[in-house]
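Below is one structure; the comments refer to it alone.
Naming convention: chains lettered A, B, ... in sequence-line order (proteins, then strands); numbering from 1 in each chain. Remember, it's a predicted structure, so these values are computed and weren't measured experimentally.
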Amino acid sequence: MRAAVVLGALVSHWRRHPVELATLLVGLALATALWAGVQALNAEARESYARAAALLGADRLARVEALGGGRFPVGDYVALRRAGWPVSPVLEGDLPVGPAGLRVIGVEPLTLPAEADGYGVAPGGERVAAFLSPPHLGLVAAETLPGLAGVAGLPPLAAVGGLPPLAAVGGLPPDTLVVDIARAERLLGVEGELTRLTLPAEAAGRALPAGLAGRLTIVRPEAADDLARLTDSFHLNLTAFGLLSFLVGLLIVYGAIGLAFEQRKPMLRTLRACGVSARLMSLLLLGELMALALVGGAVGVAGGYALAAALLPDVAASLRGLYGARLPGTLGLDPAWWAAGLGMSLGGALAAGAASLWRAARLPALAVAQPQAWLAGRRRTIRAQAALGAVVALAALAAFGIEGGLAGGLALLGGVVLAPALVAPALVAAALALAARRARGALAQWVWADMRQQTGPLALALMALLIALAVNVGVGTMVGSFRETFLGWLDRRLAAEAYVTARDPAEAEAVARWLDGRPEVVARLPILRVGARVAGWPVEIYGAADHATYRDGWPLLASAPGAWDRVAAGEGVLVSEQFGRRGGLGLGDALDVPTPAGPWRLEVVGIYADYGNPEGQVMVGGAALAARWPGLETRRFALRLDPAAAAGLAADLRAAFGFGPEAAIDQAALKAASTRVFERTFAVTVALNALTLAVAGVALLTSLLTLSGLRLAQLAPVWAVGLTRRRLAALETAKTVGLAALTAVAALPLGLAVAWTLTAVVNVEAFGWRLPVLMFPRQWAAMFGLALVTAFAAALWPALRLARIAPADLMRSFSNER
Amino acid sequence: MLVLRSVSKTYPGAERPALAGVSLDLAAGRTLALTGESGSGKSTLLHLAAGLDAPDAGEIEVDGRRVDGASDAARAALRRDAIGLVFQQFNLIPSLDVGANLAFQARLAGRFDPGWQSELTARLGLAGLERRYPEALSGGQQQRVAIGRALAGRPRLILADEPTGNLDEPTGDAVLALFLDLVRATGAALLLVTHSERLAGLLDARVHLRAGRLG
């Protein structure tokens with residue numbers, strides 16, 4: 001009963017101060033929304049990776065693959081079975097149907113290892129009969145079913161009799177069809193070939209029979225979890241952004257709680273005078289904060305879900321384009337994610353409110369309410385903050401120095417963002433103090449001095465704005481630099497005017513003959529490609545023709561003298577930048593490239609940029625590679641011809657051989673596709689960036705709104721001596737815009753520091769490539785304008801309220817000031 | 001009802017004690033005026049008696065319960081159950097309306113009596129103002145709400161710190177007369193701090209503080 005009465009009094013404050021309540025809830029909701037949204041995306045992606053990794057027991061089973069990737073003859077499988085190997089065949093391929101394409105996985109249920117079954121298709125399973133006998137039941141994830149409705153009549157499927165009858169099963173990755181291997185052969189148009197063989201892990205210790213060892217290789221289950229490893233950096237970057245937005249949101253919460261505490265101090269004192277113990281009061285304040293955090297958190301988690309749902313298509317496209325990972329088109333609703341989101345809101349509110357709760361618990365019964373003193377206190381706080389900024393900077397440098405890596409890089413980034421933000425209010429206050437001293441005229445002096453006073457209470461909002469603007473400049477500069485570098489690099493990298501990829505070596509020969517009959521084709525350069533694993537990482541080995549196209553056009557970041565001659569002679573190798581960094585390889589180092597004939601020792605003679613590729617890549621001489629890799633046949637050609645004729649040639653190739661749009665493509669179309677992948681990669685970053693700026697705008701608006709009541713005590717005397725309310729309102733707006741302008745000016749060098757840290761440290765650690773930092777003055781001007789517009793919009797409402805305030809309210813502020 | 005024995009208090013950094021060995025005895029149902037110059041220690045004595053602050057030395061008893069040395073919770077319980085406080089600055093809860101402010105302490109103490117609340121409201125001249133918030137009241141009206149809040153729980157001791165100090169003389173006199181009338185009606189003891197010898201003369205007895213000592 002007693003607690004209810006006190007709680008009623010405490011809560012009544014919010015009824016009378018709805019703007020402050022809204023500020024607090026908005027801060028909590030925004031902080032939670034951005035964090036929860038990012039976590040929802042990460043969780044969804046990781047769950048998909050886990051499902052993909054666990055598909056048919058792949059995370060527990062070893063597998064036999066063709067050395068160098070690709071398919072191998074079904075005879076190899078038969079040979080292994082005859083030799084007593086418990087292998088089971090798998091045929092895998094992509095079918096271009098449905099919204100995101102369909103990965104078809106054909107299995108042979110009777111030989112499937114026990115670990116691979118989970119879908120009732122092994123002997124004795126409830127689906128085995130329907131799976132084995134025509135028309136062969138197909139299995140898909142429940143979320144994939146709706147997207148496949150009505151695709152049976154489309155071109156790739158019409159020719160093979162459409163999809164089999166489908167059943168939804170749990171645990172399958174999205175856009176994946178598991179079907180009997182015979183039906184998979186028909187769907188994929190493959191005959192007598194397999195993608196891999198699965199076998200129990202304990203059977204993987206034996207050596208392959210001599211006849212197969214040169215063509216096949218055994219991959220143990222622990223080496224196969226590439227997707228999670230490759231995408232780690234992508235998710236860490238998302239998490240870093242989510243955390244940054246969360247911190248910006250918490251700045252709002254911190255300010256709102258601090259102000260509410262000061263505003264309620266008279267009430268708290270009266271409660272104590274009326275016999276409420278400090279303990280009960282603290283408990284109730286804590287309970288109230290937690291209840292608000294739950295409400296704000298629930299709204300935030302719901303908002304986060306909506307945000308994640310909105311961003312999911314871009315994230316899914318990024319992950320598919322970059323890593324070949326498949327995400328479902330819709331978000332799941334995991335209760336643990338909801339709980340984690342609410343937990344973050346509760347934890348964040350507790351962290352933001354800890355200081356106020358501590359002060360309330362120790363509040364002397366005779367404490368005097370001093371909202372004006374609180375404002376003065378905030379001014380003192382900015383000096384302490386500046387000192388804290390120095391500590392944060394040192395800690396970040398130390399973390400980077402000691403820890404290194406991506407985590408260290410992100411710690412450095414945090415320091416680069418937070419330390420100057422903590423110091424900035426003190427610098428702005430100092431600059432304003434100087435301006436006040438030099439000002440002539442009473443009004444000008446008052447304006448400068450008042451702006452300086454406002455720096456304290458507005459410090460949190462200005463810090464939020466500074467962080468958001470700096471990150472905006474930093475990320476904008478990084479993305480802009482990357483775009484320009486990437487496009488320039490693409491121009492040189494895609495030196496040939498068209499590319500064609502045949503389905504098999506026989507077709508490649510037919511394509512070659514067809515091309516030789518086309519007069520516009522100046523050169524037909526074969527490209528050899530095999531996949532391998534070097535130091536546990538997937539690496540593509542490319543064999544390039546010895547031609548001026550590469551010698552003159554291929555962009556090298558560093559090279560040894562005579563690099564191309566040595567590559568052509570089979571003595572040298574060019575490595576991609578990220579593979580070089582990962583393997584610690586520099587010019588002159590030796591690299592053993594695996595081949596069926598044993599390791600091929602080459603010297604690193606060049607390093608080239610390979611932006612956007614998570615896998616490692618090396619380039620060797622095409623002829624030398626073919627000599628060391630028996631059976632490696634050319635399926636891909638780079639074509640040199642008049643650029644104007646490229647699109648026509650690609651269209652003719654598609655028509656002549658029934659190629660899809662990606663198998664025969666001209667340079668312009670390939671560049672457009674690559675640029676699309678690039679834009680998608682950063683779409684999420686850019687969206688989160690814009691949202692962080694929006695949060696900072698809200699921080700500024702809510703700070704100004706909550707302060708507008710307290711500001712009356714400072715404005716009333718100026719009004720009393722002869723300034724109109726309208727003029728005061730105009731001055732208030734101008735001051736806010738002025739402070740935002742100062743903040744934006746400070747954000748520019750800070751943003752460039754962020755850009756440098758992102759490109760020179762974080763990107764290198766996350767993706768393995770480094771970019772030059774380019775300058776974009778037009779972008780900065782837009783950012784500056786945006787800051788001013790944000791500040792103007794935020795200042796407008798309080799200013800309008802001031803312009804229309806009743807004189808009686810201004811007079812009351814004389815008597816209310818204590 | 002209220003007993004102080006050799007109570008002393010010195011604030012940190014102060015050159016001299018705010019109270020130096022003050023002893024005082026206020027019997028149940030009696031009213032006592034505490035006068036003195038500004039800075040003589042009147043408010044300090046009142047705060048110590050209410051358990052809002054702790055003495056450096058001496059003993060304080062309210063309604064037979066020791067205040068000095070009691071825990072924060074025990075002192076809070078004493079204020080809640082036995083003491084009504086009236087301040088010069090009114091100290092109403094700005095976010096509660098008049099009705100809720102009036103009933104606040106009585107409900108807190110579990111002694112809310114709707115009949116007594118209605119009578120108080122009527123006698124304090126607050127009828128019709130129950131739904132208003134403090135900011136919409138005049139100073140005199142706000143002080144009447146504060147007095148009503150202190151009396152609503154029928155406490156045995158009322159401690160009032162210059163309750164009319166913020167009011168003009170006619171309003172102050174009217175409020176004080178009403179206050180004394182109501183205090184006597186409840187049978188509570190009253191310790192009233194005032195600058196005014198004239199107001200002090202209206203009470204049963206008076207003591208004068210000078211530089212922290214009773215004169």
Side-chain angles (χ1 to χ4, degrees), chain A residues 1-21 260 262-284 288 360-371 709 712 806 808-809 811-813 815-818, chain B residues 11 43-44 46-48 50-54 62 70-97 100-101 103-112 133-139 142 145-146 149-150 152-153 155 159 161 166:
Chain A
M1 174 63 184
R2 194 187 315 145
V5 174
V6 179
L7 192 60
L10 287 172
V11 171
S12 70
H13 169 82
W14 299 115
R15 237 186 359 255
R16 301 284 292 165
H17 295 86
V19 174
E20 281 86 339
L21 177 64
E262 284 308 321
Q263 283 178 332
R264 285 204 286 189
K265 227 167 162 183
M267 181 202 284
L268 300 184
R269 186 178 75 151
T270 304
L271 291 176
R272 296 296 312 279
C274 288
V276 178
S277 67
R279 188 166 167 272
L280 177 64
M281 205 165 68
S282 304
L283 282 175
L284 290 174
E288 178 197 60
R362 298 172 60 86
L363 182 74
L366 290 172
V368 178
Q370 293 171 314
L712 286 185
D809 288 331
M811 283 188 288
R812 188 174 294 127
S813 70
S815 54
N816 279 352
E817 194 180 9
R818 281 187 284 171
Chain B
Y11 290 108
S43 293
T44 300
L46 194 99
H47 293 156
L48 294 177
L52 291 169
D53 204 351
V62 171
S71 67
D72 176 74
R75 285 186 282 157
L78 183 70
R79 282 199 299 279
R80 194 167 62 232
D81 299 337
I83 300 175
L85 276 165
V86 183
F87 297 98
Q88 183 179 356
Q89 290 289 358
F90 322 140
N91 285 336
L92 299 179
I93 296 175
S95 48
L96 295 182
D97 62 23
N101 262 293
F104 186 75
Q105 190 168 357
R107 294 179 65 198
L108 204 59
R111 289 204 296 267
F112 178 63
Y133 283 87
E135 67 191 17
L137 301 181
S138 69
Q142 287 194 48
V145 177
R149 183 180 67 194
L159 300 170
D161 190 359
N166 258 358

Contact class of B:L108 relative to chain A, heavy atoms under 4.5 angstrom: both
Contacts of type side chain to side chain donor-acceptor pair (under 3.5 Å), residue B:R111, not counting sequence neighbours: none
Top contributor to chain B interface from A:A278, A:S12, A:S277 [non-hydrogen pairs under 4.5 Å]: A:S12
Region of B:A50 in contact with chain A, defined by heavy-atom distances below 4.5 Å: neither
Pairwise side-chain contact, B:D53 with B:Y11, heavy-atom cut-off 4.5 Å (strictly under): yes
Partners passing side chain to side chain donor-acceptor pair (under 3.5 Å) against B:R75 (at least two apart in sequence or in another chain): none
Side chains of B:N101 and B:P134 in contact at under 4.5 Å (non-hydrogen atoms): yes
